[in-house]
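Values in this document were obtained by computation on a predicted structure and should not be read as measured data.
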Amino acid sequence: MASETEPNALTLGDVDTAEVAFDELCGALAARDLKGLWSRPPLPLEPRPMTRPHLWRWDTVAPLAKQAGQVLDLHSGDGQRRALQFCNPGLKAGTTEALFGAYQYLEAGETAPAHRHSPAAIRFMMTGSSVYTTVDGDACWMEPGDLVLTPNWAWHDHTNKSDQPAIWLDVIDVVLVATLETVFFEDHPVGMQELTGHGVSERRFGGAGLRGVPAPAHTKPYSPLMRYPYAQTDAALEALHEQDGGQSVTVEYKNPVTGGPAIPTITCEMTRVYPGGPTPPRRQTGGRIHTVFRGCGRSLIDGTEFEWGPGDVFVVPSWVPVEHEVTETADLFVGSDRAVLEALHLHREEELSERQEVTDVFRPRTDPGVPDTEPRLRVGALAEPRPAGANR
């Protein structure tokens with residue numbers, strides 16, 4: 001037991017026993033950068049997201065991306081990327097509470113120089129062909145519907161070998177990383193990386209369920225497979241639907257070595273919705289960015305109806321119910337922070353017993369300054385298929 005003479009003994013010090021008013025106590029705390037827990041609102045019974053349900057239309061964003069291609073030079077100090085970020089009106093920064101989504105534009109025959117950063121990102125190709133993202137020397141082809149990873153602190157640059165522009169979706173965990181005050185960034189010393197080959201990770205890790213013996217060593221926390229082709233995703237979705245049926249099926253892009261998420265902070269999924277009625281209403285923790293790769297339909301999000309078509313992007317906030325209904329088979333690419341929530345044991349999801357009532361219809365903001373005659377970029381526009389192994 002510590003004695004009164006020990007220098008490190010903790011004591012209450014000189015306490016004034018005179019009666020102190022509640023307001024005086026709060027004022028004394030504030031003057032010393034303190035605050036009583038009792039002065040804060042009680043914890044809510046369930047999440048109250050600041051993120052709002054919102055939608056951005058392809059026919060609005062794609063022409064602006066094309067205009068950015070005419071205005072911004074990637075090699076003249078204007079910025080290394082033409083990425084149009086989807087800014088959620090309920091947040092100070094971000095598309096969701098943890099992630100930024102954006103459409104990135106690369107002109108025909110153009111390159112975007114290499115850099116690396118502590119935030120991790122993924123690329124989901126929307127339109128274009130003969131485009132590749134080089135990740136630590138591995139040139140990964142990007143055709144419509146393909147997913148390409150750029151893990152944190154991996155060098156990455158972009159190259160368009162075609163005579164047509166390209167647009168892809170970026171999802172980056174920069175909001176989460178910035179909140180944790182751990183953002184680092186570095187430009188590549190010579191601008192573009194030296195290639196070690198095309199599709200290196202696919203040749204080594206792309207065979208589903210097949211591994212060399214002994215298995216290739218991979219100790220990094222992210223997937224060693226950098227490209228997930230749409231053809232494989234499409235086949236997996238169809239096989240799942242043939243087996244299980246239902247109004248929708250979902251596959252997750254996984255790390256082929258560990259079975260965990262492809263990127264530790266970003267869960268990537270593809271949901272296929274079939275005609276015939278709405279999906280059951282569901283809700284889960286964590287905001288989700290939905291990108292319509294193909295198909296048309298509508299989503300009911302917390303009572304508000306959102307109509308969408310190819311290339312549109314919409315957000316479902318945390319713990320907000322959503323149900324989808326389509327007029328034709330639709331593929332929705334979904335990026336979320338579920339992987340983080342699962343790692344922290346904060347993920348919850350549930351199916352609701354009652355369907356939502358329509359209380360509002362979403363009407364997106366439009367910019368009258370964008371001319372209707374602006375050339376359009378069709379989602380999924382694809383040139384002749386690139387021959388297997390071709391190095392164009």
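The aromatic ring centroids of His117 and His156 lie less than 6.0 Å from each other. Aromatic pair Phe362/His54: centroids less than 6.0 angstrom apart. Two rings, from Tyr103 and Trp58, have their centers less than 6.0 Å apart. Taking the ring centroids of His115 and Trp155, they lie at or beyond the 6.0 Å cut-off. Taking the six-membered ring for Trp and the full ring otherwise, Phe124 and Phe333 have centroids separated by under 6.0 Å.
No side-chain heavy atom of Trp319 sits less than 4.5 Å from a side-chain heavy atom of Arg48. Counting heavy atoms from C-beta on, the side chains of Val313 and Leu55 never come closer than 4.5 Å. Pro364 has its side chain within reach of Arg57: a pair of non-hydrogen atoms, C-beta onward, lies under 4.5 Å apart. Within the 4.5 Å cutoff, no side-chain heavy atoms of Asp157 are placed close to those of Thr133. Taking 4.5 Å as the limit, every side-chain heavy atom of Leu29 sits out of range of all side-chain heavy atoms of Lys35. Residues Ile122 and Cys268 form a side-chain contact, since some pair of their non-hydrogen atoms from C-beta on lies under 4.5 Å apart. Between Phe100 and Cys87 there is a side-chain heavy-atom pair separated by less than 4.5 Å. Side-chain contact check for Leu99 versus Ile172: every heavy-atom pair is 4.5 Å or farther apart.
Neither Val273 nor Phe293 shares a network with the other; the hydrophobic side chains, linked directly or stepwise wherever heavy atoms of I, L, V, M, F, W or Y lie under 4.5 Å apart, form separate groups for each.
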Exercise. Between Arg283 and Glu323, is a salt bridge (charged side-chain N to carboxylate O under 4.0 Å, His left out) present by the stated rule, with each step listed?
Worked result: CA-CA 9 Å; Arg283 61 181 179 178; Glu323 48 197 289; over 6 Å; no

Problem set entry | side chain to side chain donor-acceptor pair (under 3.5 Å) between Asp187 and Gln80, intermediate numbers included | CA-CA 10 Å; Asp187 283 320; Gln80 297 182 350; 2.6 Å; yes

Problem set entry | Candidate pair Thr96 and Arg288, rule side chain to side chain donor-acceptor pair (under 3.5 Å), full reasoning | CA-CA 7 Å; Thr96 72; Arg288 286 164 287 160; over 6 Å; no

For this session: Given side chain to side chain donor-acceptor pair (under 3.5 Å), test Tyr222 with Asn152 step by step and report yes or no.
Result: CA-CA 9 Å; Tyr222 51 80; Asn152 80 315; over 6 Å; no

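Closest of all the heavy-atom pairs between Ala154 and Val135 is CB-CG1, 4.0 Å. Taking all atoms of both residues into account, the shortest heavy-atom contact from Ile301 to Pro317 is CG2-CD, 4.2 Å. Across all non-hydrogen atoms, the minimal contact from Gly295 to Trp308 is O-CZ3, 4.0 Å. The minimum heavy-atom distance linking Met142 with Met125 is given by the pair O-CE, 3.5 Å. Annotation for Ser118 and Val177: closest pair OG-CG1, 3.9 Å, computed over non-hydrogen atoms. Residues Gly90 and Arg52 approach most closely at CA-NE, 3.6 Å, considering heavy atoms.
Taking CD of Glu202 as the reference point, atom OH of Tyr228 lies at 10.5 Å (rounded to 0.5 Å). In this structure, CD in Gln356 is found 11.0 Å from CD in Glu305, a value given to the nearest 0.5 Å. Interatomic distance, OG1 of Thr250 versus NE2 of His241, reported as 11.5 Å (0.5 Å rounding).
Taking a cutoff of 4.0 Å between a charged side-chain nitrogen and a carboxylate oxygen, Glu252 and Arg338 qualify as a salt bridge. In this structure, Arg282 does not pair ionically with Glu350, as no charged nitrogen and carboxylate oxygen lie closer than 4.0 Å. Remark: Arg227 does not engage Asp138 in a salt bridge, criterion side-chain N to carboxylate O under 4.0 Å.
Hydrophobic cluster membership of Leu91, counting Ile, Leu, Val, Met, Phe, Trp and Tyr whose side-chain heavy atoms lie under 4.5 Å apart directly or via other members: Met50.
Between Glu325 and the choices Pro275, Ser299, Pro278, the side-chain contact (heavy atoms from CB on, under 4.5 Å) rule is met once, by Pro278.
Side chains of Tyr230 and Asp331: a donor on one and an acceptor on the other come within 3.5 Å.
Applying the ring-ring contact (aromatic ring centres under 6.0 Å, His included) test to His290 and every residue at least two apart in sequence or in another chain returns Phe314, His324.
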